[in-house]
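Following: one structure in structure tokens, then a few remarks.
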Amino acid sequence: MIALLIKREAALVVRTPQDWLNPLLFFFMVAVVFAVAIPAQSGLAAELAPGVLWVILLLALMLSLDSMFYADIRDGFVDQVLVGAVLPSLFVLLKILGHWVKIGWLAALFAPILAWAYGMSGIAVFILVLSVWFGSLTILAIGSLGAALTSQIGKGGLLTPLLVLPLYIPTLIFAISSVRYAAAGLPYLAPLLFTLVLALVAVVFMPAVTAFALKIVAE
Amino acid sequence: MWQRFKVWFHKWGSPRWFVEIGPGWQNSLLVIGLVGIAVGSIWGLAFAPYDFHEQGNSARIIYFHVPSAIIAQSLYMGMAIMGIVFLVWKIKMTIVFARQIVLVGMLFSALALATGGIWGLPTWGTMGLITDPRIFSTAAMFFLYVGIWVLNMALDDVKVADKATAVLAIVGSVNLPIIKFSVEWFNSLHQTATFTLTEPPKMLPEMWLPLLINVLAFYCFAGGVVLARARFEALRRERKKSWAQERINQLIGQ
């Protein structure tokens with residue numbers, strides 16, 4: 001059963017490329033456009049890069065949240081899950097992990113290009129990749145709750161970020177400060193590990209909460 | 001004694017009993033609250049000693065800032081606890097309380113942020129208020145209230161909105177310890193807690209006594225407002241029942 005669900009997620013990655021391509025393109029475009037706001041040759045770009053790239057990534061991930069359950073609710077798959085075909089929290093967990101693999105991993109893979117363009121160098125770029133890798137999991141796990149709660153509302157688009165954005169503050173703090181510490185040559189391991197801890201805690205608890213939320217709105 | 005208390009406590013779960021008993025509680029809390037706020041504020045603003053050490057008269061905004069911040073957090077905690085009780089034991093009055101807390105808590109956290117900003121701007125200088133951990137964690141609480149409020153507006157079905165409110169309130173309560181300990185964990189300009197359970201405040205009694213009065217009075221006032229809102233909401237939800245019909249007719253004077 002789990003293998004079938006994983007196979008289904010893999011098929012969705014191939015057949016609906018817009019789900020993971022659009023957030024990535026958004027990530028790149030906004031990062032490039034944001035460079036206009038930074039005075040040229042001021043050296044500010046490298047200093048601001050961790051925060052700027054992380055906030056843009058957060059926006060891109062939040063825009064991708066709506067696609068998490070949308071198609072599955074439309075074609076009745078979520079209803080099938082809720083009547084007992086699969087354990088609902090397992091379904092949500094696989095959804096989160098699927099989103100993480102197709103958006104989070106790719107974002108982490110391409111983040112160095114933007115980091116170098118912003119003038120970052122050395123170990124900080126590597127730490128940025130790791131923080132994006134861990135942090136995007138937290139963001140998608142917590143965001144799944146917002147996606148589930150707004151899944152039955154026609155125009156959920158702007159509502160989802162409003163619900164979950166306040167919950168992202170700890171992740172943002174630890175992720176950004178780990179990159180910043182690495183860039184400044186300070187010990188960066190503690191905030192980086194905190195980012196990982198938040199991801200693990202979120203991925204343990206949120207599937208059950210989100211499954212409950214899906215059940216609520218389906219009634 | 002314990003048995004009688006238990007019976008009395010369980011009665012709060014009944015909308016009918018609550019609507020009947022509500023006005024008494026609500027009015028006495030509101031009166032105590034307003035009188036207390038008047039006493040505490042006048043004492044604090046006009047008669048409490050001047051802060052000679054550092055901040056002068058601008059420190060007097062503490063008499064509004066600390067109570068509103070405490071109330072906003074307490075209301076959030078109350079909302080989350082009500083949410084848990086509602087989801088676990090399905091007691092319908094609890095979610096009525098929780099959903100009526102949202103707007104009140106939102107206003108109190110806005111008041112805490114506004115007074116904090118008015119206080120912080122001249123005393124901290126141009127350090128950038130929003131980068132302070134205590135301030136953005138409180139702002140996060142404000143936005144959690146806003147999020148629940150906005151979600152309530154978007155969901156038409158009362159039953160769905162009830163449960164969604166409960167879930168979101170419970171998940172958002174992870175923010176409360178972050179607010180509480182932000183001044184200790186992070187590098188914050190914000191001062192530490194004024195009142196703790198274990199130690200007396202590090203101020204003159206003439207300074208903290210009016211503050212304590214205001215904190216307690218704000219509690220009573222917020223409680224009274226929530227009770228008043230919850231009473232009408234309970235009446236609205238039970239409007240199909242005959243006792244509620246009678247009560248409504250009585251209220252609109254027929």
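What you see below is based on every heavy atom in this structure, not just the backbone, and it leaves out hydrogens, waters and symmetry mates. Here is how names work: the chains are called A, B, and so on, in the same order as the sequence lines, proteins then strands, and each is numbered from 1.
Neither the backbone nor the side chain of B/Val146 comes within contact range of chain A; no heavy atoms are under 4.5 Å apart. Within the 4.5 angstrom heavy-atom criterion, no atom of A/Tyr168 approaches chain B. With a 4.5 Å cut-off on non-hydrogen atoms, B/Ile170 does not touch chain A at all. With a 4.5 Å cut-off on non-hydrogen atoms, A/Ile216 touches chain B through its backbone and its side chain both.
When the shell of 6.0 Å around CZ of A/Phe26 is examined, it contains more than 12 heavy atoms from other residues, nucleotides or ligands. Around CD1 of A/Ile2, the count of heavy atoms belonging to other residues, nucleotides or ligands within 6.0 Å does not exceed 12. Under a cut-off of 6.0 angstrom, the local environment of OH in A/Tyr181 is sparse, with at most 12 non-hydrogen atoms contributed by other residues, nucleotides or ligands. Environment of CD in A/Glu9: crowded, with over 12 heavy atoms of neighbouring residues, nucleotides or ligands closer than 6.0 Å.
Sorted by first then second residue, the salt bridge (charged side-chain N to carboxylate O under 4.0 Å, His left out) pairs that include residues 95-106 of chain B, not counting sequence neighbours, are B/Arg99-B/Asp162. Sorted by first and then second residue, the salt bridge (charged side-chain N to carboxylate O under 4.0 Å, His left out) pairs with a member in residues 74-96 of chain B read B/Lys92-B/Glu238; sequence neighbours excluded.
Within the 4.5 Å cutoff, no side-chain heavy atoms of A/Phe205 are placed close to those of B/Val171. Looking only at side-chain heavy atoms (C-beta outward), B/Phe136 and A/Ile173 come within less than 4.5 Å of each other. Taking 4.5 Å as the limit, every side-chain heavy atom of B/Asn175 sits out of range of all side-chain heavy atoms of A/Leu167. Contact of the A/Leu165 side chain with the B/Phe143 side chain is not registered, since no non-hydrogen atoms from C-beta on lie closer than 4.5 Å.
Residues of residues 138-147 of chain A lying within less than 4.5 angstrom of chain B, judged on heavy atoms, are A/Leu145 in numerical order. Within residues 149-159 of chain B, the residues approaching chain A closer than 4.5 Å by heavy atoms are, in numerical order, B/Val150, B/Leu151, B/Ala154, B/Leu155.
Minimum heavy-atom separation, A/Leu163 to B/Gly147: CD2-O, 3.1 Å. Counting all heavy atoms, side chain and backbone alike, A/Pro166 lies closest to B/Ala140 at CB-O, 3.5 Å.
Put simply, of A/Val164, A/Ile169, A/Val217, the one with the most heavy-atom pairs under 4.5 Å next to chain B is A/Ile169.
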